[in-house]
Amino acid sequence: MQTIEQTLSAWMRESFTQAFPETTIHGISVVATNSEQFGDYQCNHAMAVAKLARKSPRQVAEVVLQHAGNHAAVERTEIAGPGFINIFIRREWLESALVLVDEDVRCGVPLVGHGKTVLLDYSSPNVAKPMHIGHIRSTVIGNALDRMHRFLGYHVLADNHLGDWGTQFGIMILGYRHYVNPDALSTEPVEELERVYVKSYERSRTDPAWLTFARQELVKLQAGDPENRELWQRFVELSLQEFDRIYRRLDVRFDLVRGESYYNQALPGVVDRLCSRGIARESEGATVAFLEEESLPPCIVRKSDGGYNYATTDLATIESRMSEFHPSKIVYVTDERQQLHFKQVFAIARRLGITADLQHIWFGLMRLPEGTFSTRQGNVIKLEKYLDEAETRALAVVQAGSPEMAPERQREVARAIGIGAVKYSDLSQNPQSVITFTWEKALSLEGNSAPYLQYAYARIASVQDKYRAQFPNTSLGHCVFRLEEAVERTLAIAIVRFPETVIKAAESYKPNILADYLYNLAATYSTFYQNVPFLKAPEGIRESRIRLCRVVANVLKQGLSLLGIETPERI
RNA sequence: GCGCCUGUAGCCUAAUGGACAAGGCAUCUGACUUCGGAUCAGAAGAUUACAGGUUCGACUCCUGUCAGGCGCGCCA
């Protein structure tokens, strides 16, 4: 099944080629108009062709439309402004397109990713540190990309690349031996591990002997010392248990959980290859890849003490993923601070002959109004606390709005709303914008927010029930759509744009495109709901409108599930 | 010092180089004794940081300036 955008783009492309075989340009397509007065889709390429063909843009558009002839989906076209070609969709065609969306469990979304493997690297918290609200963006954005790609038919491998290796474990082990409180460890393990780490780290800054001991512990760990190895294993397991609890709350699942330690054995081989192929060489005792051709600063792949860096691990990781899974894309979702790092790693990977499409999807850091988060200032907000707060606030609203609901059900609904609000506040904006965190903003339950969308969905569910109760013997299955009111047509256009929106959001790695779309759909529906009667409409019209409600509900549910947001039937 | 990113109404955000810059919050006016008022209809609010340039057309691309953030050979 093709999207409307694809269908009309092909039509225009063909028409341009026929009209101007000598001067056809690449990338001829249509886009959705930003205002209904300009039709439903527009093609903007007559202006560009006009220059090459030495004709006026409107003349070009005219000739193109002569060659275009009629299209089953198109009511009429017009030439406007400097040479825009505006396309108006035929109502009958729209009505039959709605039937297709209604009857398709995929809401008309094609499997454009079929046969392709994409590896997604996201969340990736550090072991022995609690997850805080800075981790939520990678997790929530990565998971939305995960869900969208899977839905489009890609073979997705979600990999949680834990920070489970590195120099901090020397300090960690030493601190654990001296400072750990067993009681605290059993009640709040990761919190206790962090406390121990911070204490040991602070001592290492003033006590040189302590730092030396810490280094020795690290060397022992890396040499495979059984005792240190076991401690390390314990840290990892305790952390994973806590992470899993959060992932369950967020409904996030990984196919692979391979921390940095997984690639340890491969590091010397990577450096050997880099050296033998002339990509890296000795410099001041370290092994360094020089990237002048890419105009990037040098990248250390082995320290002068023989240890390896993050870059080396990431290269080993890429090699391993390529040989085991053969992905066509590897996508990293991390914060903006790692832009340079990934530019370097990708440049080196290309020199090593890696051909997969490597993408770094970075997002802006989360800040507080008074500045950045820092452990030292003690203003870090723990992720679990954040989720608790979201659910608590949602519960108060549910209790006020639906007092007749059973308390157990209220809690369940509040959970879906609270978590949905948290996710939506991250997903509804461009990932690259810097976020200044405020409780009020993150947990907003009004306006452009997840609860608005969930509310629209629940109202439809309610309408469906009322309809079934009042008209028990009518089936919607074979009723025809009759788009009479202007807002119904607007709603129908919005509905059939779902497939192209999902594709665009996934391919540009911007979940906010889908979030925007869903908000617009829900807002259009709310206008319809508020201004057009349907249970009281005459038979026929009534069925058409109830069925329209049902399609909106299906698309909302499907779309929100691609963002990882639930849609309770009652809220 | 060099590099990357960001700058859009009071606040928060949107806009593959396309038409008059789109929403939300807050503010102000309204919504029938009919479908859930977490809603809807409407009002007001913008020199898209600033100055140049490219283009038929610039929030978007290029150059410079200012402001904020981040990064830059032995952290991850």
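Just so we're on the same page: letters track the sequence lines, and every chain starts at 1. Computed from a predicted structure; not experimentally measured. Atoms considered below: every heavy atom in the structure, side chains included; atoms not considered: hydrogens, waters and symmetry mates.
- For A:Asp164 and A:Ser261, the side-chain atoms include at least one donor-acceptor pair closer than 3.5 Å.
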For this session: List the protein contact pattern of nucleotides 26-39 of chain B with one symbol per nucleotide (5' to 3'): B for base contact, S for sugar-phosphate-only contact, - for none; contact means a heavy-atom distance under 4.0 Å.
Result: --------BBBSBB

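- Relative to the six-membered ring of A:Phe471, A:Arg542 meets both conditions, a distance below 6.0 Å and an angle of at most 45° to the axis.
- Here A:Phe342 lies out of heavy-atom contact (under 4.0 Å) with every strand.
- Look at CZ on A:Phe84: it is 8 Å from C1' on B:G57, rounded to the nearest Å.
- Taking the six-membered ring for Trp and thresholds of 30 and 60 degrees, A:Tyr201 and A:Tyr197 have nearly parallel ring planes, at less than 30 degrees apart.
- For an aromatic pair to be called close, the ring centres must be under 6.0 Å apart, and A:Tyr519 with A:Tyr424 fails this.
- Atom C1' of nucleotide B:C75 and atom OH of A:Tyr201 are separated by 9 Å, given to the nearest angstrom.
- Distance noted for atom C1' between B:U13 and B:G3: 28 Å (whole Å).
- For the C1' atoms, the distance linking B:A9 with B:C4 amounts to 29 Å, nearest Å.
- For the P atoms, the distance from B:C28 to B:U33 is 26 Å, rounded to whole Å.
- Comparing B:A44 with B:C56, their P atoms sit 37 Å apart, to the nearest whole Å.
- For B:U55, the OP1/OP2 oxygens have no side-chain nitrogen or oxygen of A:Lys51 closer than 4.0 Å.
- Rounding to the nearest 0.5 Å gives a distance of 8.5 Å between CD1 of A:Ile513 and OG1 of A:Thr501.
- When heavy atoms are screened at a 4.0 angstrom cut-off, A:Asp516 is found touching the sugar-phosphate backbone but no base atom.
- Two rings, from A:His341 and A:Tyr310, have their centers less than 6.0 Å apart.
- Nearest-nucleotide mapping onto RNA chain B: of A:Glu440 and A:Gln37, the residue sitting toward the 5' end is A:Gln37.
- The listed nucleotides are B:G71, B:U16, B:C75; the one nearest the side chain of A:Leu340 is B:G71.
- Within 4.0 Å (heavy atoms only), A:Asn520 reaches no atom of the nucleic acid at all.
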For this session: Evaluate the ring pair (Phe, Tyr, Trp, His ring centres under 6.0 Å) criterion for residues A:Phe38 and A:Phe84: first the C-alpha distance (whole Å), next the side-chain angles of each, then the deciding distance (0.1 Å), finally the verdict.
Result: CA-CA 9 Å; A:Phe38 303 131; A:Phe84 298 113; 7.4 Å; no

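- Applying the side-chain hydrogen bond (donor to acceptor under 3.5 Å, both in side chains) test to A:Tyr41 and every residue at least two apart in sequence or in another chain returns A:Arg497, A:Glu500.
- Using cut-offs of 30° and 60° for the angle between ring planes, the A:Tyr332 and A:Phe342 rings count as tilted.
- Residue A:Phe38 and nucleotide B:A19 are classified as a stacked aromatic pair, their ring centres being separated by less than 5.5 Å at an interplanar angle below 30°.
- The closest side-chain donor-acceptor pair between A:His135 and A:Ser123, if any, does not fall under 3.5 angstrom.
- Taking only side-chain atoms of A:Glu336, from C-beta outward, the nucleotide of B:C5, B:A76, B:A14 with the closest atom is B:C5.
- Helical stems of RNA chain B (runs of at least 3 Watson-Crick or G-U pairs, donor-acceptor distances under 3.5 Å) are listed by first residue: B:1-7 with B:66-72, B:10-13 with B:22-25, B:27-31 with B:39-43, B:49-53 with B:61-65.
- Nucleic acid contact class of A:Lys510 (heavy atoms, under 4.0 Å, all strands): sugar-phosphate only.
- For A:Phe534 and A:Tyr467, the gap between ring centers reaches or exceeds 6.0 Å.
- Between A:Asn34 and B:C20 there is no side-chain polar atom (N or O) within less than 4.0 angstrom of OP1 or OP2.
- Looking at heavy-atom distances under 4.0 Å, A:Asp335 makes no contact with the nucleic acid at all.
- Atom name C1', nucleotides B:U48 and B:A14: the rounded distance is 12 Å, in whole Å.
- Considering only the side chain of A:Arg337, B:C70 comes nearest among B:C70, B:C4, B:A76.
- Taking the P atom of each, B:G45 and B:U6 are spaced 31 Å apart, rounded to whole Å.
- A:Ser283 comes within 4.0 angstrom of a base, heavy atoms only.
- With hydrogens and angles left out, the side chain of A:Gln344 and the base of B:C72 share no donor-acceptor pair within 3.5 Å.
- Within the 4.0 angstrom heavy-atom criterion, base atoms lie near A:Ala80.
- The nearest heavy atom of RNA chain B to A:His341 and to A:Glu78 marks one nucleotide each, and the one closer to the 5' end goes with A:Glu78.
- Heavy atoms of A:Lys343 sit under 4.0 angstrom from primed sugar atoms or phosphate atoms, though from no base atom.
- In this structure, the CE atom of A:Met47 is 14 Å from the P atom of B:G17, given to the nearest Å.
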